Amino acid sequence: MKNWLLHIILNAIAIFVVAALFQAVHIDGAGGALLAAFILSILNAIVRPVLVILTLPITILTLGFFLFIVNAITLLLTDAILGTMFEIDGFFMAILAAIVISLLNLILNSFVKK
């Protein structure tokens with residue numbers, strides 16, 4: 001439970017940084033970032049595995065790069081669920097946000113594990 005909560009907080013930080021970096025990503029404060037991270041973690045636990053299995057052939061053909069598309073889809077689903085609290089303007093922005101969030105999570109998790 002503690003690890004999951006820490007993951008949500010780190011994901012919220014990454015979402016908040018992405019919103020600060022790109023004007024096409026809108027978030028309503030720290031509470032919106034935490035709620036977006038919570039919804040995103042639920043979608044990553046339920047929807048993402050189904051999408052990964054369904055897109056496995058194309059993921060293999062693209063050497064795993066298609067997983068960024070899957071991450072963008074989960075971000076857009078989070079956008080659809082939260083409405084105006086969390087908005088991403090366009091699919092290509094969602095792909096870019098997914099890449100940056102993944103990189104930031106990698107960096108943040110490496111600091112926490114030390």
Side-chain angles (χ1 to χ4, degrees):
M1 178 74 170
K2 180 181 171 187
N3 192 22
W4 183 65
L5 187 60
L6 180 65
H7 179 70
I8 289 176
I9 291 170
L10 293 177
N11 209 7
I13 292 169
I15 290 171
F16 203 73
V17 169
V18 166
L21 287 174
F22 303 113
Q23 291 181 349
V25 179
H26 310 282
I27 192 83
D28 284 344
L34 279 171
L35 188 58
F38 178 73
I39 298 295
L40 188 61
S41 70
I42 291 172
L43 289 174
N44 279 336
I46 297 170
V47 175
R48 189 173 186 272
V50 174
L51 289 175
V52 168
I53 289 172
L54 290 175
T55 61
L56 191 59
I58 194 165
T59 302
I60 292 170
L61 285 174
T62 61
L63 302 175
F65 286 110
F66 195 77
L67 290 176
F68 290 120
I69 305 297
V70 172
N71 289 343
I73 291 169
T74 57
L75 275 175
L76 289 174
L77 285 172
T78 304
D79 173 18
I81 291 170
L82 289 178
T84 60
M85 286 186 79
F86 177 64
E87 292 183 359
I88 298 176
D89 299 337
F91 184 70
F92 291 109
M93 190 65 223
I95 294 171
L96 184 60
I99 291 169
V100 174
I101 287 172
S102 297
L103 290 173
L104 287 173
N105 276 330
L106 181 70
I107 293 168
L108 291 172
N109 284 322
S110 71
F111 283 128
V112 170
K113 288 184 181 178
K114 290 181 181 180

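Source: prediction; values computed, not measured.
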*Could you grab the distance from atom CG of Leu56 to atom CD1 of Ile53, nearest 0.5 Å is fine?*
8.0 Å
*Hey, could you give me each pair passing ring pair (Phe, Tyr, Trp, His ring centres under 6.0 Å) that has a residue in residues 42-73? Not counting sequence neighbours.*
none
*ring pair (Phe, Tyr, Trp, His ring centres under 6.0 Å): which pairs involve residues 35-61, sequence neighbours left out?*
Trp4-Phe38
*Quick one: does Ile13's side chain get under 4.5 Å of Ile9's, heavy atoms only?*
yes
*Between CG of Leu76 and CG of Leu43, what distance do you get to the nearest 0.5 Å?*
11.0 Å
_By the side chain to side chain donor-acceptor pair (under 3.5 Å) test, which pairs, at least two apart or in different chains, include something from residues 54-80?_
Arg48-Asn71
*Transitively linked via ILVMFWY side-chain contacts under 4.5 Å: Val47 with Val52?*
yes
*Let me know which of Leu35, Ile39, Ile81, Leu75 forms a side chain to side chain contact (heavy atoms under 4.5 Å, CB included) with Phe86.*
Leu75
Throw together a table of side-chain donor-acceptor distances under 3.5 angstrom for residues 15-30, partners on residues two or more places apart or in other chains.
{"unit_1": "His26", "atom_1": "NE2", "unit_2": "Gln23", "atom_2": "O", "d": "3.3"}
{"unit_1": "His26", "atom_1": "NE2", "unit_2": "Asp89", "atom_2": "OD2", "d": "3.1"}

*Nearest 0.5 Å, what's the CG-CD1 distance between Leu67 and Ile58?*
11.0 Å
Just distance, no hydrogens or angles: give the donor-acceptor pairs under 3.5 Å from side chains in residues 91-106, sequence neighbours left out.
{"unit_1": "Ser102", "atom_1": "OG", "unit_2": "Ala98", "atom_2": "O", "d": "2.8"}
{"unit_1": "Asn105", "atom_1": "ND2", "unit_2": "Asn11", "atom_2": "OD1", "d": "3.1"}
{"unit_1": "Asn105", "atom_1": "ND2", "unit_2": "Ile101", "atom_2": "O", "d": "3.4"}

